[in-house]
Amino acid sequence: MAAFLAAQRRPTRVLLLSAAAAWLVFCTWMFHGVLEVQMTVGSSAEVSDLPPTDRTCDSYWLLRSWCEQRVARYRAEAVRQGMLHAWAGYKAFAWGADEIHPKSKTAKTDIMGGAGIRGMGVSLVDALSTLKVMGLDAQFQEGRDWVVQKLDFDKVSGSVSFFETVIRILGGLAAAHDLSGDVALGAKAKDLADRLLPAFDAAPTGLISNTVTLPRVTPDGGGGSVILAEMGTNVLEFSTISRITGDPTYRQKAEKGLRAVHAANPNALLLEAVDRQTGKETGWTRGVGAGTDSYYEYLIKYWVLGGRSDEHFRTRWEQATDEVLEQLMLYPPGWPFAYASDLRSGSLDPILEHLRCFYPGSIALGVMSGAVSGPKAQRYLHFAANMTQACFQLYNATASGLGAERVSFDMQSGQITIIDGRYWQRPEVIESIFYMWRATHDPKWRDMGWQTWRAIEHYARWEGGYSGAHNADQVPPDSDDVSQSWFFAETLKYFYLLFSPDSALSLSQWVLNTEAHPLRAQRGGWRLRQRLKSL
């Protein structure tokens, strides 16, 4: 009888041993990948072909999910090492400067589009939140100490862009405070907010001007018009200062201009500028691209930041989205996607610019946040997926795989023409790919992102960091020898979050401003806070 039972157990034992052996082989393969990442990533400029990160999991159908998680982890570490490389170059060759020339390894004392912003260590401030999100605490502390000890707004003088100062510096400081709890960083953010606050007092509508003067803003006459994106991209940052300080003044002043514009214009899809005295729209172009972009981004994000309690901003965002889908859609023949274009003089422009490619990501965020539901949510998400795929062609259509600034689709043949091949390290495409990943968890989005990261590593990496390129459709592309501050703040952060678990940064607890600085969301919103205070 014992012999019979032993014979019966033998096949089971063999099966278990075989399974254990197979598991050991699989784990050994994956562990070998870890070693490859440790030995390869960050040690050479030629890191565009990393076996652990490029492996597919199709053949591991029983363990596919587990395999995909491991590959994503290796990819996240590759990006993290990229951040360390960029930070090391900045520290070695441009410490405290606004930007760096990574190829020539020299400092740069201004920023593109900054309208005079200089002397604020812009790249350093922009990098702080990314360092913290990536868990690079020693590097974060280095940057934090520079900010607390060296950043003096009394020494900053001249005309600057209100918009750029708010999204990069004020947003960067507020996010660094929120992520770390460092009181000194919160105090530095409040100092800057106090210097900027008088800009809201110039016009009766509360609408700011495009440029202001530091070290302390003096209100101008309140005349003329202001670009839609520039007037509508500050409410997240100033509301965060209100939360940090407990003073609602910052939030109230930033909200005032938005509400004035909404009251003056029943349509939600606006022209590219508004009159500062009346709040009425003015201009020639309706769209969601350059000049208008982050205004629409902040409608939905302000609703989320405030605890999803203020229906005014959610409703305005929904109305604007509906009008975009009704008025701006283009469908290139032969392609399985569509995108929102610009409407000028009754005609839709077939050009797709990189800046506009934030838009599908913001729509995906709205769907994830519950701003719409049912068939409308499905329609919105379908649109977001379509436009993100169109935006991916900015990278996919170039010879180098780097992202072009603008492409155009022929509406007869569907052929793509590269209109502006410059690669400026922009984040908008990877931003939308990130939001689409969070909304769907479809691995194709991570694969798209990894394709773009490989091109950056192969063609844009230098001893001093990463640069843009003069022509992404040229191989090899000529470096422009500029590392944009937003590469630290946005591009690297979105790549890292794309490959990281959702818990790395919860989108229900944090809202990323237009420079990708994470600001802590309110739980109950301002209305609930005020009701509780009155009890």
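In this chain, residues are counted from 1 in sequence order.
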For [Y] together with [X], are the ring centres under 6.0 Å from each other?
X      : Y      : answer
Phe409 : Tyr339 : yes
Trp424 : Tyr466 : no
Tyr302 : His312 : no

Does a side chain donor of either [X] or [Y] reach within less than 3.5 Å of an acceptor in the other side chain?
X      : Y      : answer
Asp98  : Thr109 : no
Ser129 : Lys493 : yes
Asn267 : Glu323 : no
Glu237 : Tyr298 : yes

Salt bridge or not for [X] and [Y], using N-O below 4.0 Å?
X      : Y      : value
Arg144 : Asp182 : yes
Lys108 : Asp110 : yes
Glu405 : Arg426 : yes
Asp310 : Arg316 : no
Glu318 : Lys376 : yes
Asp178 : Lys132 : no
Asp194 : Lys190 : yes

In terms of relative ring orientation, are Tyr494 and Phe434 parallel, tilted or perpendicular, with 30° and 60° separating the classes? tilted
Parallel, tilted or perpendicular: ring planes of Phe238 versus Phe162, cut at 30 and 60 degrees: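 It falls in the parallel class, under 30°.
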Walk me through whether Phe487 and Trp87 qualify under ring-ring contact (aromatic ring centres under 6.0 Å, His included). CA-CA 11 Å; Phe487 185 76; Trp87 181 257; over 10 Å; no
Checking Phe153 against Leu214 for the side chain to side chain contact (heavy atoms under 4.5 Å, CB included) test, could you report, in this order, the C-alpha distance in whole Å, the side-chain angles of both residues, the deciding distance, and whether it holds? CA-CA 8 Å; Phe153 295 120; Leu214 290 177; 5.7 Å; no
Atom pair CH2/CD of Trp303 and Glu311 - distance to nearest 0.5 Å: 7.0 Å
Measuring from atom CG of Asp275 to atom CD of Glu281, what distance do you get when rounded to the nearest 0.5 angstrom?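 Taking CG in Asp275 and CD in Glu281, the distance rounds to 11.5 Å.
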So, for Glu230 and Asn234, which heavy atoms are closest and what is the spacing to 0.1 Å? O-ND2, 4.0 Å
Ser479 and Asp481: CA distance, side-chain angles, deciding distance, side-chain hydrogen bond (donor to acceptor under 3.5 Å, both in side chains) verdict: CA-CA 5 Å; Ser479 169; Asp481 200 18; 4.8 Å; no
